[in-house]
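To start, the structure under review is shown below, and the notes come after it.
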Amino acid sequence: MAQDVREATDPMRPAGNEEGREQVPGGVLVSIGALLLGMLLAALDQTIVSTALPTIVSDLGGMEHLSWVVTAYMLAATAATPLWGKLGDQYGRKRLFQIAIGIFLVGSALCGIAQSMPELIAFRALQGLGGGGLMVLSMAIVGDLVSPRERGRYQGLFGAVFGATSVLGPLLGGVFTEHLSWRWVFYINLPVGIVALAVIAAVLHIPRRTARHVIDYLGTLLIASVATCLVLVASLGGTTWAWGSPQIVGLAVLGVVLAAVFVAVERRAAEPVLPLKLFRVRTFTLSAVISFVVGFAMFGAMTYLPTFLQVVRGVSPTMSGVHMLPMVVGLLLSSTVSGQIVSRTGRWKVFPVAGTAVTTLGLLLLHQLDENSSTAEMSSFFFVFGLGLGLVMQVLVLIVQNAVPYEDLGVATSGATFFRSIGASFGVAVFGTIFASRLGTALTESFRGADLPPGVTVDSLKADPRGIGALPPALRPDALHAYASSITDVFLYAAPVALLGFLLAWFLKEDRLRGAVRAPDGTQTLASNPVERSSRDEVCRALSVLGTREGRREVYRRITARAGYDLLPASSWLLLRVRRYGRVEPALLAERSPVPLTTVMAAARQVEERRLAVREGPDLVLTDRGREAAERLARAREESLAELLGDWWGPDRPTDLTHLVKELTGELCGSRRERPHDDRRTPAPAG
């Protein structure tokens, strides 16, 4: 695959020409490195906190509010993401990216010095506001820096960052917590962010392309408020306030009222944050619900499994991160394999069905864990759970992209991942409520009539698990069992939610896949935050990835056959090079490309024998027949790209889609483009 990517994008430029394979300037590469650092910060902060949570709760107290350390970040990032994307379009992405880093760093520093759980939760929300900007703007700036042909390669790096943070986050969180302090989970962002900020300020130079938007501020505020009301009801009901209390009932009623207002506002909004017409597409609605289920299960489990490992099993924070690796490995393995199978076969329905089924099984297995479970047993259960999540995560974005009209492609993609984010926030809150409620009951039953040491009460054990160490040896097993059963009961309650996703997956309609939606990247499949890209951005990303995956020989074999010629693939490639640059010297062309000299010379002989090109000194120049052949080859590649778009490429296709296909055709096949600098070579004739 790597060889295919390298071959399909290699430029084969003639001597003296500075185009061909895009020679990305060093400053651009440094800028992309800084963007990767920014993305790393935002992605890492979703996972690095999980293994530090038990220690944070022990230090600051408030086990019942543990879930909000995660939820506050997710809600803020989810609500802010569409705003960052559109504000970046209007006011310039470099400036907005710097502001996002600044907000994120301020939030990180404040999290590090927090002295109470409410302070930490508030500062995590501030951090999430910046994190949402880092997510969306870093990906958007890549599109400003490199051409569509090269974009697939660089966006793949961002997907790799997400995969890496899934593995490194729990490990780093454990290392910092154990060997330094949990506060370093947040402080570590400061030096990395400052480096990224400095590099961006010094070397990032992007064209200012302003796009005016009617930003749906009210819709964004309303949907964030609805989500917050739901999460507050889920996290405070039955613990802080009784389910029938005026506060909980009031929050529930407020959430319903705000949801009704949101629907009314979105119907009239010029650019709605979540267009209601999407819900008329059955596949989108089903995928949104399944995405909610996946976020619910995944982040709920990732939040409470470290507590089980550290409190019940007594492992160190670092080792709790190691113990969670089987889950991450299962997730990455199944998501990668399922994505490859879908791309090769075009069949996808089996994966959401199987994925939700395996996720349900994984939750039931996690419910079987207790304080006596072996490491092998835990690892196998974690692996099964991760396997299920990975099977369904990879294809959900693809399903949505395949089901909607072109003009809704970008917002539908962000909508699907938006529901996964809301599901994650809601899941963590619900898990937290169940855990806190069950823990209080279990501890009370375990120590009813027991003689507890001075200063140790059920409430103190509930707030700070370190109090278990102060118990007499005879009482500790009861306390550990109370914690173990309370945490694992959470997974039992989550299983019916995953089962609902399984049942809904059967109602998905397996439509034929468009070629242009077979390559979702890691930022869409592994991130919890919604992406915010336009429909053109989505198609550009997918086509650039697909174009670079094909080997050069196969690309030119296909377009040669489509154009109706019986030529060597290398001959077609050579004709398009000559068409692009006006003239080429075969020996120098071979020297500057990975194509062997013998292959280039054989191609040169064939085009001369067919009278498609003639020699002028050492160079080849197209004849009239050669120009006609090169034009037909270029059109064949354009038609091949258009075919990948399926029914988007209809009579009423948008103008921007036509321009995109022409742009990609030029870059992948060597059609002539005007350059901003003179070249010593004679330019190709017009047309």
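We count residues from 1, following the sequence as given. Values reported hereafter were calculated over all heavy atoms of this structure, with side chains retained and with hydrogens, waters and symmetry mates removed.
Between the CG atom of Leu218 and the CD atom of Glu266 there is a distance of 8.0 Å, given to the nearest 0.5 Å. Considering CZ of Phe123 and CG of Leu110, their distance stands at 4.5 Å, rounded to 0.5 Å. Between the CD atom in Gln310 and the OG1 atom in Thr55 there is a gap of 5.0 Å [rounded to 0.5 Å]. Separating the CZ atom in Phe491 from the CD1 atom in Ile434 is a distance of 10.5 Å, to the nearest 0.5 Å. To the nearest 0.5 angstrom, Phe435 atom CZ is 11.5 Å from Phe308 atom CZ. Atom-to-atom distance recorded for Phe383:CZ and Ser334:OG is 7.5 Å, nearest 0.5 angstrom.
Counting only heavy atoms from C-beta outward, the side chains of Leu134 and Ile101 approach each other to under 4.5 Å. Side-chain contact between Leu508 and Trp348 is present, with at least one heavy-atom pair separated by less than 4.5 Å. Using a 4.5 Å heavy-atom cutoff, the side chains of His367 and Tyr493 are not in contact. Within the 4.5 Å cutoff, the side chain of Arg313 has heavy atoms near those of the Met378 side chain. Between Leu331 and Phe385, every side-chain heavy-atom pair lies at or beyond the 4.5 Å cut-off. Put simply, the side chain of Val400 does not reach to within 4.5 Å of the side chain of Thr283, judged on heavy atoms.
Listed for the Thr285 side chain is a donor-acceptor partner under 3.5 Å among the backbone atoms of Phe279. Remark: side-chain polar atoms of Arg267 are not paired, donor with acceptor, to backbone N or O of Leu276 under 3.5 angstrom. At distances below 3.5 Å, not a single donor-acceptor pair connects side-chain atoms of Arg438 with backbone N or O atoms of Ala482. Using modelled atom types, one side-chain atom of Ser373 and one backbone atom of Asp370 make a donor-acceptor pair closer than 3.5 Å. Judged by distance alone, with hydrogens and angles left aside, the side-chain atoms of Tyr483 form no donor-acceptor pair with the main-chain N or O of Val312 at under 3.5 Å. Checked by atom type and distance alone, the side chain of Lys349 never pairs as donor or acceptor with a backbone atom of Lys509 at under 3.5 Å.
Considering all non-hydrogen atoms of both residues, Arg124 and Cys111 come closest at N-SG, 3.6 Å. In this structure, Val384 and Val358 approach most closely via the heavy-atom pair O-CG1, 3.4 Å. Here the closest heavy-atom approach between residue Gln368 and residue Phe381 is recorded as CB-CE1, 4.3 Å. Looking at every heavy atom in both residues, Ala495 comes nearest to Leu364 through CB-CD2, 3.7 Å. Across all non-hydrogen atoms, the minimal contact from Ser338 to Gly390 is OG-O, 3.9 Å. Gly131 and Phe104 make their closest contact through N-CD1, 3.7 Å (heavy atoms, listed as atom of the first residue, atom of the second, distance).
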Test log, rule side-chain contact (heavy atoms from CB on, under 4.5 Å), inputs Val392 and Phe351: CA-CA 6 Å; Val392 67; Phe351 295 107; over 6 Å; no
Which is it for Met117 and Leu120 under the side-chain contact (heavy atoms from CB on, under 4.5 Å) test, yes or no, and what are the steps along the way? CA-CA 5 Å; Met117 194 62 89; Leu120 179 60; 4.3 Å; yes
Take Phe382 and Val328 through the side-chain contact (heavy atoms from CB on, under 4.5 Å) test and state the conclusion after the steps. CA-CA 8 Å; Phe382 290 178; Val328 177; over 6 Å; no
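The aromatic rings of Phe426 and Phe292 are tilted relative to each other, their planes meeting at an angle between 30° and 60°.
Between Phe431 and Phe296, a ring centre-to-centre spacing shorter than 6.0 Å is recorded.
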